[in-house]
Amino acid sequence: MGKVLSARKTYPKVIQVISIGSSFVIVSLILGYLVYRQREVLFGFKWQFRIQYLFLSFLLFSCSLILVSFIWGQIINALAGTQHFIYHVRFFCISNFIKRLPGTIWYLLSRTSLYKEIGISPQATLIASGIEFIIALISSALVSLFLLIRVFPGYVGVLYVLLLVVIAGGLIHPKVLSMILKIFRVPTPGSVGYRQLVIWLIGYGIVWVINGLILYSIANIVTYVPAIHISKTIQSVTLANVVTSLLLFAPTNLGATEISISAILSTFLPSSVAVVITIFSRVLLTIFDLIWGGIALLIPPSKAN
């Protein structure tokens with residue numbers, strides 16, 4: 001009997017390891033193919049290092065981080081009582097670095113444990129995380145769709161935008177949001193109003209625009225990218241979020257972000273260069289997360305209030 005129970009506990013772990021390993025191989029093959037098919041371009045490419053865009057990307061990253069921390073703080077405050085803004089910045093920076101690890105569970109565990117220290121229940125933190133997830137997903141999809149307005153001429157474009165506004169208004173209605181949260185097995189909150197949801201949605205829309213500008217700035221560190229392609233860098237980060245969000249319950253979403261971003265960057269850059277910029281962006285953003293996580297750890301919990 002003991003062996004059977006031990007096997008049942010081990011089986012999911014084996015499946016997860018196999019999933020992560022196979023995902024890593026598949027992602028490596030896809031990105032490797034994108035590099036290989038234009039390898040001559042990669043070797044002959046004139047790489048640059050423009051430090052002003054490095055500073056700009058960190059500045060934009062910091063603005064995005066502060067704005068997201070503020071939105072997250074408003075969500076958790078609406079559910080669990082008002083806490084000081086510094087608490088939310090500190091906890092968000094620490095958990096955001098952990099978010100880079102494969103698997104959503106570590107990110108959520110870090111959040112719940114941090115907020116439990118100041119008396120906020122894990123259930124409230126999980127509900128707030130669920131609301132944040134849905135708001136981020138809907139806003140990223142809407143921003144990506146909004147950028148397609150250039151496809152529609154004249155009044156058709158106006159009607160397209162109005163349609164997006166109606167869809168957004170419907171999706172974030174408290175009743176509809178409750179239905180969506182139930183799909184993701186998150187308890188339904190009863191203290192979040194429609195006005196708050198609209199503000200958070202607009203706030204996250206701004207965040208996605210800033211994140212697209214971050215990717216544009218990072219690309220310009222190593223090469224010149226015309227400003228006309230900013231809309232595509234914004235679309236790449238929003239599409240990547242939609243894809244990874246839809247893979248939330250998959251054993252792993254390893255590499256989904258890199259493939260999504262590389263695919264869109266390849267529409268205006270050589271595919272091999274697009275892959276290098278995507279991987280460089282991943283590394284640089286992790287370093288930025290590490291810097292802000294270090295700053296957050298330097299703030300003593302007693303000083304956060």
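Only this structure's heavy atoms are used, side chains among them; waters, hydrogens and symmetry mates stay out.
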For the side chain of [X] and the backbone of [Y], is there at least one donor-acceptor N/O pair under 3.5 Å apart?
X: Thr267; Y: Ile264; answer: yes
X: Trp208; Y: Ala136; answer: yes
X: Thr233; Y: Leu213; answer: no

Under 3.5 Å, which donor-acceptor pairs link side chains of residues 55-66 to any protein atom two or more places apart or in another chain?
unit_1, atom_1, unit_2, atom_2, d
Ser57, OG, Tyr53, O, 3.1
Ser57, OG, Leu54, O, 2.7
Ser62, OG, Phe58, O, 2.8
Ser62, OG, Trp292, NE1, 3.1
Ser64, OG, Asn211, OD1, 2.8

Common cluster, [X]/[Y], ILVMFWY with side-chain heavy-atom separation under 4.5 Å:
X: Leu269; Y: Tyr224; answer: no
X: Val283; Y: Phe49; answer: yes
X: Phe146; Y: Ile228; answer: no

Kindly compute the distance separating [atom1] ([X]) from [atom2] ([Y]), expressed to the nearest 0.5 Å.
X: Phe91; Y: Arg111; atom1: CZ; atom2: CZ; result: 11.5 Å
X: Ser140; Y: Ile234; atom1: OG; atom2: CD1; result: 13.0 Å
X: Ile120; Y: Asn77; atom1: CD1; atom2: CG; result: 7.5 Å

- Of Ile261, Asn220, Leu265, the residue whose pairing with Ile277 passes side-chain contact (heavy atoms from CB on, under 4.5 Å):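 That would be Leu265; it is the only one of Ile261, Asn220, Leu265 passing the side-chain contact (heavy atoms from CB on, under 4.5 Å) with Ile277.
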- Can you find a side-chain donor-acceptor pair between Thr278 and Ser262 that sits under 3.5 Å?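 Per modelled atom types, Thr278 and Ser262 side chains form a pair under 3.5 Å.
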